[in-house]
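Worth saying up front: this structure is predicted, and the values here are computed from it rather than measured.
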Amino acid sequence: MAVPRSALVLSRALALQRAASSARSLSGSVRNSPALLYRTHGEPVQVVKLETLELPALGAESVLVKMLAAPINPSDINMIQGTYAILPDLPAVGGNEGVGQVVEVGSNVKTVKVGDWVIPKDAGLGTWRTEAVLNAVDLVTLPCDISVLSAATLGVNPCTALRMLSDFEHLKPGDTVIQNAANSGVGTAVIQIAAAKGLHTINVVRDRPDLVQLTDRLKAMGATHVIKEETLRRPEMKELFKLCPRPKLALNGVGGKSATELLRHLQSEGTMVTYGGMAKQPVTVPVSALIFKDVKVRGFWVTQWKRDHKHNEEALRSMLDELCSLIRTGKLSPPSCTEVSIEDFHKALDNAMKPYISTKQVLVM
């Protein structure tokens with residue numbers, strides 16, 4: 001179930017109160033920080049421990065940040081398991097995404113100020129902790145007139161969705177995008193951003209007991225069509241394409257047979273972009289799709305995009321500003337979230353790894 005607007009307002013107010021209180025008590029005096037640490041790779045519920053870390057002294061180029069909220073994403077899980085493309089040195093603090101408030105700045109810091117909300121520019125900073133001393137250059141500011149949950153979940157999934165909708169095909173209002181994993185964090189962001197751009201979306205989900213409720217929720221976000229995986233292989237697809245054009249763009253977060261079926265429905269010279277592989281199966285491309293339809297098969301990793309643009313502050317700023325504008329106008333909401341205190345992290349990790357859980361686990365500091 002989505003978090004009610006009243007709960008989001010209360011969440012933001014409480015977070016701001018906590019941050020303000022922390023700013024008074026932390027500035028110049030913080031030396032220790034509770035953090036979720038792993039000293040070896042393995043299953044998160046077994047290797048992640050709540051420990052107290054001693055914070056380094058505040059340097060001239062660094063800032064003291066009070067973390068407000070940090071989600072648990074699949075990439076976080078994979079990193080702890082040791083299967084992700086980039087792995088921090090061990091021991092490491094978990095979490096690649098989250099929002100914090102600056103409570104103290106070093107003498108040479110000009111890019112952020114006390115009170116600013118900040119998120120990581122790149123993966124690997126370790127956001128599952130109450131406080132951190134971080135290099136100012138590793139952070140980017142966000143406006144504080146959006147909800148805490150929107151800010152905490154902005155840097156990965158919505159950025160991935162926006163880039164994939166913008167960078168691979170020239171899409172215009174009335175065009176169609178097809179995607180699997182439509183109820184994921186990326187999937188729901190794609191639905192909302194595509195709707196704001198006037199695009200049709202065909203959204204593929206796995207069958208489940210609450211399919212009707214899920215379908216209604218996705219359509220309320222702006223989904224044009226919601227179908228089951230099995231429908232991709234059925235004659236009903238021909239009827240669907242009488243209602244909207246065949247897709248120019250397919251977004252694959254699953255792999256395996258699901259990806260193959262997305263490819264089959266692309267129009268000629270269309271593109272499939274793979275950004276995840278939840279099925280842990282390879283992408284198989286039909287020869288006919290390559291020869292007779294000349295489809296393009298691409299990949300996307302938002303971490304690489306950020307690294308490729310690390311010297312282009314305007315590119316990152318422009319993307320975040322566009323997303324924040326959609327949030328302010330009510331066109332982009334955070335994913336359905338379950339807020340969990342950092343002390344209850346075991347429950348959050350356990351739920352984050354369960355199938356068919358549609359809410360994102362967010363650690364609240």
Side-chain angles (χ1 to χ4, degrees), residues 1-12 14-15 36 43-45 48 67-80 94-99 119 127-128 146-161 179-193 201 203-223 226 228 253-254 275-276 278 323 327 330-365:
M1 173 179 269
V3 178
R5 180 174 178 82
S6 59
L8 291 176
V9 173
L10 177 61
S11 169
R12 181 184 171 210
L14 290 174
L36 297 180
E43 289 308 303
V45 292
V48 174
M67 292 304 301
L68 302 178
I72 300 176
N73 291 320
S75 57
D76 302 324
I77 300 297
N78 296 153
M79 192 172 281
I80 296 167
N96 293 298
E97 185 181 28
V99 63
I119 63 173
T127 55
W128 297 350
I146 61 176
S147 75
V148 171
L149 291 180
S150 288
T153 58
L154 186 64
V156 176
N157 293 332
C159 290
T160 297
Q179 65 167 341
N180 53 25
N183 62 310
S184 66
V186 172
T188 55
V190 165
I191 288 169
Q192 295 174 84
I193 296 169
T201 54
N203 301 279
V204 184
V205 297
R206 292 180 294 177
D207 197 6
R208 63 194 66 212
D210 63 342
L211 182 62
V212 173
Q213 294 94 319
L214 175 60
T215 299
D216 291 343
R217 182 166 68 85
L218 296 182
K219 287 190 172 182
M221 291 180 182
V226 181
K228 297 185 294 184
V254 178
Y275 66 92
M278 290 189 294
L323 292 170
I327 292 169
K331 296 178 180 178
L332 177 62
S333 300
S336 297
C337 295
T338 298
E339 299 180 55
V340 183
S341 70
I342 192 171
E343 293 82 6
D344 292 330
F345 72 95
H346 274 118
K347 179 171 67 175
L349 287 172
D350 186 52
N351 285 333
M353 299 182 69
K354 288 180 179 177
Y356 304 114
I357 297 289
S358 295
T359 59
K360 184 172 290 294
Q361 305 296 304
V362 178
L363 299 167
V364 178
M365 317 309 174

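You'll find the side chain of Val205 reaches within 4.5 Å of the side chain of Leu218, heavy atoms only. With a 4.5 Å cut-off on side-chain heavy atoms, Thr160 and Val190 do not count as touching. Phe345 is not listed as a side-chain neighbour of Ile72, based on a closest heavy-atom distance of 4.5 Å or more. Within the 4.5 Å cutoff, the side chain of Gln179 has heavy atoms near those of the Ile191 side chain. The shortest side-chain heavy-atom distance between Asn180 and Met278 does not fall under the 4.5 Å cut-off.
The main-chain N or O of Ser333 is found under 3.5 Å from a side-chain atom of Gln192 such that the two form a donor-acceptor pair. With Thr127 contributing its side chain and Glu97 its backbone, the two residues share a donor-acceptor pair below 3.5 Å. Between the side chain of Asp76 and the backbone N or O of Asn73, at least one donor-acceptor pair lies under 3.5 Å. Under a 3.5 Å cut-off, the side chain of Trp128 and the backbone N or O of Pro71 do form a donor-acceptor pair. Between the side chain of Gln361 and the main chain of Val340, no donor-acceptor pair closer than 3.5 Å is present.
Of the residues Val48, Leu36, Val45, the one that meets the side-chain contact (heavy atoms from CB on, under 4.5 Å) test with Ile80 is Val48.
Taking Thr153 as the reference, nothing meets the side-chain hydrogen bond (donor to acceptor under 3.5 Å, both in side chains) condition, with sequence neighbours excluded. Listed by chain and residue number, nothing satisfies the side-chain hydrogen bond (donor to acceptor under 3.5 Å, both in side chains) test with Asn157 (two or more places apart in sequence, or in another chain). Looking at residues two or more places apart in sequence or on another chain, you find no side-chain hydrogen bond (donor to acceptor under 3.5 Å, both in side chains) involving Asp350.
The minimum heavy-atom distance linking Thr201 with Ala223 is given by the pair OG1-CA, 3.6 Å. When every heavy atom of Ala189 is checked against every heavy atom of Leu332, the shortest pair comes out as CA-CD1, 4.3 Å. The minimum heavy-atom distance between Pro158 and Ile193, with the atom names listed, is O-CD1, 3.9 Å. Across Tyr275 and Gly187, no two heavy atoms sit closer than the pair OH-N, 4.4 Å. When all heavy atoms of Pro44 and Leu349 are compared, the pair lying nearest together is O-CD1, 3.8 Å.
Considering CG of Leu214 and CZ of Arg208, their distance stands at 5.0 Å, rounded to 0.5 Å. Between atom OG1 of residue Thr338 and atom CG of residue Leu363 there is a gap of 11.5 Å, rounded to the nearest 0.5 Å. Rounded to the nearest 0.5 angstrom, Ser147 OG and Ile327 CD1 are separated by 7.0 Å. Atom CG of Asp216 is separated from atom CG of Leu211 by 9.5 Å, given to the nearest 0.5 angstrom. To the nearest 0.5 angstrom, Glu343 atom CD is 9.5 Å from Met365 atom CE. Annotation: the span from His346 atom NE2 to Asn351 atom CG amounts to 13.0 Å, rounded to 0.5 Å.
With hydrogens and angles left out, the side-chain atoms of Asn203 and Lys219 include no donor and acceptor closer than 3.5 Å.
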